[in-house]
Amino acid sequence: MKKQTSAYIQFSDVFKIGVGPSSSHTIGPMRAANHFVKSLQENEILEKVFFVNCNLWGSLAATGIGHKTPDAIIAGLQGFTPSNFKPKKLFISWGEIINKKNQILPLNNSQEVNFTPQNMIFSPNQHNSIHPNYFYLQAFNQEKHEIFRIDYLSIGGGNISFKTLNDKEFQFLPNPGYQYQPQENRTDFINTKELFLKAKKYNLSLDEIAIEQEIAHSKEEITKEDVYLQVDKVWKAMESSIRNGLEVKNKDDLSPVIQKELGIKKRAPKMYQTYLERRRQGKSATIETLSCYALAVNEQNAIGGRIVTAPTTGSAGVIPAVLQEYIDRDDLDPTTGHFEQRDKIRKFLLTASVIGSIIKYNGSVSGAECGCQAEVGSACAMAAAGSVAVCGGSLEQIEAAAESALEYHLGLTCDPVKGLVFVPCIERNAMAANTAVTAARLALAGDGHHVVSLDTVIETMRQTGVDMNEAYRETAKAGLATHVSC
């Protein structure tokens, strides 16, 4: 695969519609397993497969059970993808395999193979020098000879790189129907400095650059309207994740237990009722609103509900919360408000995708690679940038907001209790949503002048992640993960 000429990452690779609880440990492995069985089929060897092995290393092995990695891989091997995954339609689950209720796995819903707990191999002390989220899938014939293998890296945000035995390097696995075209374009950029120079040179906003990049580097011919349709689809999914997280059918829905072992209850629905009461009284409820929206999304994520990576599932609540709260308080002309609101939603999310692309290209959005600063910190920066953009802020103010938001999260570790995306993940999203709004307001109150550039903070975050002890990078070997007894 030819090297990218731009740091821009396709909008639907930044914002993937999928399921929780983890983009790198659930969505990515499911995509990889689905890619594996499709590759078996394309190479016309699916019918020769007698059994398959999945070998998980490092972080994927250390916290895979809590993040439902085995379940995701088994679903992918059966032909499911994160976008069409429905647990009730599964033919076989990891739980059935463990309990010996069913150990016949239909690859791609066709070729039946044996699959036992021994076929899912956990090696938490094995590491790959390229990326901590490494695993490989093998196919064997009846004589127990390996006939196919693909190595995978789950590089964050549900994105996957892969390498077959014939490949010299790992290559990016694009979304279906999309392949990055490496030809140069006038708005190509590799960092914030270049991005802003191009924006000023061609008098373009960041969302307009995002659209141009989408069109320029897509293998298929697409239009601006095609891009908008994808953005609208993503926002609809984000809205649904908020609504589902706030849904109350009876009193028991206000605070149900969603994790028995840790005794965690759902808080978003009850908090939302408080918000509605404050509004009825004419009181401000910005903090309550932001918090309950973020909690709603991440509580959905924690229980394996449908969400959107933004840019990961562990940080999925920040951007929807900030954007929904903005919509709630935006004073729109009722005669034109719908269209104005739609345009602002598009501007917000496309601006966020540009900032997310730069962070991912030059830094990381992976907790296993750089800690939670890479997940929640990136989401906070993206949300802050989107907020300033829809409020009419300048390029300098957008950068100031994104920079301060990410800067605030420098050094934040990823140490989930019991390897589950509950503690401290859910609350961190609520805190980051409030931080994003604060960063945006501070930037808008100034003239855009800031001492530290966004590029500098991204590089600092990356280097901090490199220096961070592995035990604090989504391995559940230190921090809260070991100091909280349950």
Side-chain angles (χ1 to χ4, degrees), residues 7-9 11 14-15 187 189 191-214 224 227-228 230-232 234-235 238 286 290 308 310-311 315 318-332 337 339-360 377-407 432-450 453-455 457-458:
Y8 186 79
I9 297 169
F11 181 85
V14 175
F15 297 109
T187 57
F189 58 90
N191 53 35
T192 311
K193 183 178 179 180
E194 280 195 10
L195 170 67
F196 286 0
L197 286 173
K198 297 290 178 73
K200 291 175 180 177
K201 180 178 180 179
Y202 299 111
N203 193 29
L204 295 171
S205 60
L206 298 191
D207 58 299
E208 289 172 332
I209 286 181
I211 292 169
E212 186 166 314
Q213 287 284 298
E214 289 278 331
K224 180 192 289 189
V227 177
Y228 282 151
Q230 180 61 33
V231 177
D232 294 345
V234 163
W235 174 241
M238 286 181 170
T286 299
L290 279 166
V308 178
S315 60
V318 181
I319 290 173
V322 174
L323 181 49
Q324 184 61 62
E325 194 278 330
Y326 171 79
I327 292 169
D328 289 350
R329 62 184 164 82
D330 192 23
D331 187 17
L332 299 169
F339 299 103
E340 184 181 343
Q341 190 177 85
R342 181 195 62 188
D343 292 342
K344 288 185 176 182
I345 291 169
R346 290 170 173 175
K347 176 181 279 291
F348 185 108
L349 291 175
L350 285 167
T351 300
S353 75
V354 173
I355 299 302
S357 293
I358 294 173
I359 296 173
K360 185 172 178 60
S378 296
C380 187
M382 293 163 67
S387 295
V388 174
V390 295
C391 290
S394 66
L395 291 173
E396 290 76 16
Q397 288 172 320
I398 290 173
E399 182 180 11
E403 176 272 317
S404 61
L406 183 57
E407 184 182 70
N434 284 278
T435 299
V437 171
T438 299
R441 288 177 175 175
L442 285 172
L444 288 167
D447 60 4
H449 174 73
H450 48 284
S453 70
L454 178 57
D455 290 329
V457 175
I458 292 172

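These values consider heavy atoms only, across backbone and side chains, with no hydrogens, waters or symmetry-generated copies.
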Flag the pair [X] / [Y] as yes when at least one side-chain heavy-atom distance between them is below 4.5 Å, and no otherwise.
X: Leu350; Y: Val227; value: yes
X: Pro311; Y: Lys360; value: no
X: Phe189; Y: Val354; value: yes
X: Met382; Y: Phe348; value: no
X: Asp343; Y: Tyr228; value: no
X: Ile355; Y: Leu454; value: yes
X: Leu206; Y: Phe196; value: yes
X: Tyr202; Y: Ile209; value: no

Scan side-chain atoms only and decide if Glu399 and Ser453 contain a donor-acceptor pair under the 3.5 Å cut-off.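 No.
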[atom1] of [X] to [atom2] of [Y]: how many Å apart, nearest 0.5 Å?
X: Thr192; Y: Ile398; atom1: OG1; atom2: CD1; value: 11.0 Å
X: Lys344; Y: Leu349; atom1: NZ; atom2: CG; value: 14.0 Å
X: Lys224; Y: Glu212; atom1: NZ; atom2: CD; value: 10.5 Å
X: Asn191; Y: Ile359; atom1: CG; atom2: CD1; value: 13.0 Å
X: Lys347; Y: Ser205; atom1: NZ; atom2: OG; value: 4.0 Å

Any idea which heavy atoms bring [X] and [Y] closest together, and the distance?
X: Asn203; Y: Glu208; answer: O-OE1, 4.2 Å
X: Val14; Y: Ser353; answer: CG2-O, 4.2 Å
X: Ser378; Y: Leu406; answer: N-CD1, 4.0 Å
X: Ala400; Y: Gly448; answer: CB-O, 4.2 Å
X: Ala379; Y: Ile319; answer: O-CG1, 3.8 Å
X: Val322; Y: Ala383; answer: CG2-CB, 4.0 Å

Could I get the full list of salt bridge (charged side-chain N to carboxylate O under 4.0 Å, His left out) partners for Lys200, not counting sequence neighbours? Glu396
Applying salt bridge (charged side-chain N to carboxylate O under 4.0 Å, His left out), can you list everything that pairs with Asp232, at least two apart in sequence or on another chain?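 Salt bridge (charged side-chain N to carboxylate O under 4.0 Å, His left out) check on Asp232 returns Arg346.
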Which pairs would a plain distance check flag for residues 435-446, meaning a side-chain donor or acceptor within less than 3.5 Å of a matching protein atom at least two apart in sequence or in another chain?
from   : atom 1 : to     : atom 2 : distance (Å)
Thr435 : OG1    : Met431 : O      : 3.0
Thr438 : OG1    : Asn434 : O      : 3.0

Let me see the working for Leu323 and Trp235 under side chain to side chain contact (heavy atoms under 4.5 Å, CB included), right down to the final yes or no. CA-CA 10 Å; Leu323 181 49; Trp235 174 241; 3.6 Å; yes
So salt bridge (Lys or Arg N to Asp or Glu O under 4.0 Å) across residues 383-395, not counting sequence neighbours, yields none
Can you name the ring pair (Phe, Tyr, Trp, His ring centres under 6.0 Å) partners of Phe11, sequence neighbours left out? Phe15
Just to verify, what does Lys198 make a side chain to side chain donor-acceptor pair (under 3.5 Å) with, not counting sequence neighbours?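 For Lys198 there are no side chain to side chain donor-acceptor pair (under 3.5 Å) partners, ignoring immediate neighbours.
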Backbone N/O of Ile9 and side chain of Ser357: donor-acceptor pair under 3.5 Å: yes
